[in-house]
Amino acid sequence: MDAMTDKTAFSADPVEFYGTRVGSRLLLGTAQYPSPAILAEAIRGSGAEIVTVSLRRESGVTKPGQPLAGQSFWQIIRDLGVKVLPNTAGCKTVKEAVTTAEMARELFGTPWVKLEVIGEDDTLQPDVFGLVEAARILSRDGFQVFPYTTEDLIVAEKLLSAGCEVLMPWGAPIGSGRGLNNPYGLRSLRAHFPRVPLVVDAGLGLPSHAAAAMEMGYDAVLLNTAVAKAGDPVRMARAFARAIEAGRDAVIADPMEARDMAAPSTPVMGRAVFGE
Ligand SMILES: CC(=O)[C@@H](O)[C@H](O)COP(=O)(O)O
């Protein structure tokens, strides 16, 4: 059976986070979908095995008198059998992020947490100082932290020293759909930490952005808005999944070096003989 007909060909290339192996390199956010049914279909269609969930959303009441928003949502997630990566979205201080992570561990029964400490409202840029501090506190307390960070190498070093075993640098500001704003920085980060699982998180708008991240050697991609806000989220989720697989396959296939000068792709030998 060749790779085109073998449907399991891609899942034979798992990625590992804190000792847990997963077959899909797409991590999907669960916010802003048009309906719970579309969310479920998008997760299913993408093959994602990890979804990130905001604790704030889970415990929120939609409208007075209506049931908790989290109850039906949680049922969907449970039915899909995916692994939950709780996040501290919207937290702006170390205290808020740590408290939210502790509540998430209680609620979801996992030591995993996607740690966001937001420093600024226009860009939703991580407050990297608060992030390192919160990562240290949580790691000491037994959490397995997935920090949402920038591509800064020194911050990355500090996060690793704080106990993080995964890094999640941003592609671009959350929800912007701009793609990879700083390819040079992301490439440097990959080169400096060849053995640390690196996940590009946030700001992607198109499957080609995800493919580019994977072609740089990133281990996985986390995204939300590009799928949730697409005209057809289910189809877009599938498109991202394929792009991620393509980018990953390209890295494994050892791509050619780009060069400045042309090189004929059809070598010619001898002279053509035209009839006389
Ligand atoms: C859902 C979540 O965790 C987001 O904060 C994440 O960073 C994804 O960002 P995009 O919505 O830009 O894909």
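All values below were derived from every heavy atom in this structure, side-chain atoms included, with hydrogens, water molecules and symmetry-related copies excluded. Residues: numbered from 1 along the sequence shown. Indexing begins at 1, ligand by ligand and atom by atom, following the structure's order.
Linking Ile, Leu, Val, Met, Phe, Trp and Tyr residues whenever their side-chain heavy atoms come within less than 4.5 Å places L26 and L186 in a single cluster. The hydrophobic clustering, which links ILVMFWY residues whose side-chain heavy atoms are closer than 4.5 Å, places L85 and I118 apart. One hydrophobic cluster, built from ILVMFWY side chains closer than 4.5 Å, holds both V94 and F146.
Any N or O atom pair closer than 3.5 Å counts here, and D201 shares at least one such pair with ligand 1. At under 3.5 Å, a nitrogen or oxygen of G175, whether backbone or side chain, sits near a nitrogen or oxygen of ligand 1.
Among protein heavy atoms, the minimum distance from atom 1 (C) of ligand 1 is reached at N224 OD1, 3.2 Å. Nearest non-hydrogen protein atom to atom 3 (O) of ligand 1 is K114 CE, 2.8 Å. Ranking the protein heavy atoms by distance from atom 11 (O) of ligand 1 puts T225 OG1, 2.4 Å first.
Less than 4.0 angstrom separates some heavy atom of L223 from each of these atoms of ligand 1: 13 (O). Numbered from 1 in the order shown, with element, the atoms of ligand 1 that lie under 4.0 Å from a heavy atom of T52 read 1 (C), 3 (O).
Residue-level proximity to ligand 1 for I174 is carried by backbone and side chain together, each with a heavy atom below 4.0 angstrom.
For the pair R25 (side chain) and D13 (backbone), a donor-acceptor distance under 3.5 Å is present.
Shown here is R178, whose CZ atom has no more than 12 heavy atoms of other residues, nucleotides or ligands within 6.0 Å. More than 12 heavy-atom neighbours from other residues, nucleotides or ligands sit within 6.0 angstrom of OH on Y18.
Nearest to atom 4 (C) of ligand 1 by heavy-atom distance, out of M168, E116, R178, is E116.
Heavy-atom distances between A226 and ligand 1 stay at or above 4.0 Å for every pair.
Here D219 does not pair with R195 in a salt bridge; the nearest charged N to carboxylate O distance is not below 4.0 Å.
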